[in-house]
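Protein chains get the first letters and strands the later ones, always in sequence-line order, with residue 1 at the start of each. As the structure is a prediction and not an experimental result, all values here were calculated from the model.
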Number of protein chains: 2
Amino acid sequence: MTSRQNRRDRSDRGIPEATVARLPVYLRALTGLQERGVATVSSEELAAAAGVNSAKLRKDLSHLGSYGTRGVGYEVEYLVYQISRELGLTQDWVVAIIGVGNLGRALAGYGGFASRGFRVAALLDADESIVGEEIGGMTVRHIDRLEDVIADHGVSIAVIATPAAAAQGLCDRVVASGVTSVLNFAPVVLQVPDGVDVRKVDLSIELQILAFHEQRKAGGPDEYGPRPGQDAGHYVETVRRDARPGNGNGMTRAAEFTESAT
Amino acid sequence: MTSRQNRRDRSDRGIPEATVARLPVYLRALTGLQERGVATVSSEELAAAAGVNSAKLRKDLSHLGSYGTRGVGYEVEYLVYQISRELGLTQDWVVAIIGVGNLGRALAGYGGFASRGFRVAALLDADESIVGEEIGGMTVRHIDRLEDVIADHGVSIAVIATPAAAAQGLCDRVVASGVTSVLNFAPVVLQVPDGVDVRKVDLSIELQILAFHEQRKAGGPDEYGPRPGQDAGHYVETVRRDARPGNGNGMTRAAEFTESAT
DNA sequence: GCGACATTGTGCACGTGTTCACAAGGGTTA
DNA sequence: TAACCCTTGTGAACACGTGCACAATGTCGC
């Protein structure tokens with residue numbers, strides 16, 4: 001996912017990527033407990049709230065240091081602080097949202113941004129008709145100003161919410177401006193140089209994964225059609241050709257995804 | 001991620017979860033090639049387009065069967081069909097979107113839904129003031145009708161795009177109505193019975209992961225404050241207490257995430 | 001002060017995922 | 001037909017992630 005995932009060379013402080021991905025979940029569960037006035041929590045309870053195994057939770061937390069008390073559990077407030085610090089949430093991060101379509105608007109209004117050290121400093125779009133519009137107290141600026149905006153505000157995270165066709169070009173521009181963290185909502189695989197992290201949020205991929213499992217529950221993939229396991233014999237070869245799209249078996253959904261939403 | 005992930009008991013047809021998660025990416029790359037009129041592609045080329053290692057690509061595809069030709073590569077159209085079939089995209093899946101805030105609207109208008117066998121059959125919300133509203137050719141219906149709508153349309157995938165507080169209750173209701181696949185945008189960990197798949201899309205988690213890496217690039221977590229590695233001695237103990245939140249070192253960002261966007 | 005108790009932190013074994021490197025085997029040309 | 005080339009498919013080694021089970025250890029009651 002991130003292009004740096006294979007740099008397990010101790011400058012990562014040795015925190016496994018899988019652990020990093022779960023820390024925000026723990027953090028959210030902990031802040032929930034905090035609001036309810038809970039002062040202390042055991043690994044068992046916290047693990048249940050976060051939907052993970054308790055041993056995994058303990059191992060994850062042990063990577064941050066030894067912050068629990070044997071026989072008692074973890075002090076909620078203290079753990080919130082430690083995880084926040086480890087994740088870098090004790091400082092502010094300046095975010096720019098690129099692409100102000102439906103999705104970009106939703107993101108601009110998203111409360112989760114402001115509440116945890118992420119400050120949206122700019123909204124940018126190429127469409128002249130929405131440049132100048134006010135959204136959530138911010139004025140949409142023209143994409144031509146991208147480099148200026150990044151430099152002026154010290155943007156460190158770019159959120160790309162444009163149509164697929166525009167994404168790579170804009171990504172190149174933000175990277176050229178020195179941004180090294182990109183959150184991509186466009187349905188394309190962004191190519192970036194080493195040292196730049198890209199994370200992808202892709203609705204249709206998630207749906208397709210669900211469809212796969214749903215199909216399995218319903219009794220495996222289409223009963224007709226070949227599924228050679230090991231036996232790629234000549235029988236399979238024959239059916240194979242027959243099963244090809246364009247031969248009358250409904251392969252009519254080949255249109256590329258259109259990211260018309262953004 | 002999915003609650004069925006540990007069912008590697010051969011009824012999965014032996015396709016690893018990691019492979020399933022990449023198939024949609026390959027599919028997108030392939031349809032892109034198809035549009036450009038490319039008939040054949042090598043594992044090397046396709047892997048580059050999908051942003052993965054070519055050996056990994058070949059191993060992934062080998063799980064579907066032996067669909068390449070040695071010395072030549074893979075036939076694009078045929079592979080598109082096989083992956084589509086394996087993912088269950090050769091049939092239609094009926095989707096209901098629950099929660100019609102900013103995000104729900106963005107999802108309702110998302111082109112990626114319609115183009116690949118996902119049909120949005122209903123929009124539901126609890127807010128009386130938007131029930132009856134027309135969005136993208138669909139009328140928003142009241143959440144009270146949830147069970148009826150699921151049964152009438154044969155909904156098999158529920159997309160939850162509500163505030164965090166409402167998500168678990170609605171999830172319980174859709175599961176009780178027989179839905180076994182849920183895509184959750186609300187920032188909570190949904191608890192579901194075995195046999196139900198939940199996938200989560202969580203913006204703020206992604207941002208926090210980026211922040212972690214960004215912080216590392218900038219030289220590790222806040223230089224002040226303790227980070228006991230192995231040596232949890234008494235010095236650390238002292239500083240530990242001092243570094244606690246509430247003792248004047250800026251731990252003021254404890255507010256829970258507010259999913260005000262939906 | 002001390003023993004019983006509860007829960008953490010972790011060694012270890014196992015399963016999953018990734019990558020290298022190469023044998024297997026179609027296609028193509030002479 | 002045969003030899004060569006190119007790319008697939010996969011064995012094997014390695015890296016990573018998970019979960020059990022228990023020893024280590026802090027707390028609390030007496």
(request) Run the numbers on S204(A) and D202(A) for side chain to side chain donor-acceptor pair (under 3.5 Å), then give the verdict. (result) CA-CA 6 Å; S204(A) 66; D202(A) 194 314; 3.2 Å; yes
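- Side-chain N or O atoms of S42(B) include one that pairs as donor or acceptor with a backbone N or O of E45(B) at under 3.5 Å.
- If you look at Y78(A) and Y67(A), their ring centroids are closer than 6.0 Å.
- The CD atom of E17(B) sits 13 Å away from the P atom of dT18(D) (whole-angstrom rounding).
- Spacing between atom CG of D60(B) and atom P of dT19(C) amounts to 11 Å, rounded to whole angstrom units.
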(message) For I15(A) and R216(B): C-alpha separation, side-chain torsions, deciding distance, then whether side chain to side chain contact (heavy atoms under 4.5 Å, CB included) applies.
(response) CA-CA 11 Å; I15(A) 299 188; R216(B) 284 301 158 94; 3.9 Å; yes
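- For E75(A) and dT8(C), the CD to P distance is 14 Å, given to the nearest whole Å.
- Contact detail for A21(A) and I209(B): the closest heavy-atom pair is CA-CD1, 3.7 Å.
- Per the geometry, NZ belonging to K56(B) stands 12 Å off C1' belonging to dC16(D), to the nearest Å.
- The side-chain contact (heavy atoms from CB on, under 4.5 Å) search around A47(A) returns V52(A), S54(A), L57(A), not counting sequence neighbours.
- Nucleotide dT7(D) holds its C1' atom 15 Å from the CG atom of L79(B), rounded to whole Å.
- Axis angle across the helix from dG1(C)-dC30(D) to dA30(C)-dT1(D), with five pairs used at each end and values rounded to 10°: 10°.
- Classification of E17(B) and R22(B) as a salt-bridged pair fails, no side-chain N sitting under 4.0 Å from a carboxylate O.
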(message) Let's go through S43(A) and R58(A) carefully: what are the C-alpha distance in whole Å and the side-chain angles of both, what is the deciding distance for side chain to side chain donor-acceptor pair (under 3.5 Å) to 0.1 Å, and is it a yes or a no?
(response) CA-CA 6 Å; S43(A) 65; R58(A) 289 197 299 276; 3.0 Å; yes
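- Atom CD in E45(B) sits roughly 14 Å away from atom C1' in dT8(D) (whole-Å rounding).
- The separation between L64(A) atom CG and dG9(C) atom P is 10 Å, rounded to whole Å.
- Nearest nucleotide to the P16(A) side chain, out of dG17(D), dT10(C), dT18(C): dG17(D).
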(message) Generate the contact string for nucleotides 20-30 of chain D. Rules: B means base contact, S means sugar-phosphate contact only, - means no protein heavy atom under 4.0 Å.
(response) BB--BBBS---
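- With rounding to whole Å, E44(B) atom CD is found 13 Å from dT19(C) atom C1'.
- Taking every heavy atom of both residues into account, T180(A) and G195(A) meet most closely at CB-O, 3.8 Å.
- An OP1 or OP2 oxygen of dT8(C) is reached within less than 4.0 angstrom by a side-chain nitrogen or oxygen of S43(A).
- Contact annotation: Y67(A) does not reach the phosphate of dT7(C) (side-chain N/O to OP1 or OP2, under 4.0 Å).
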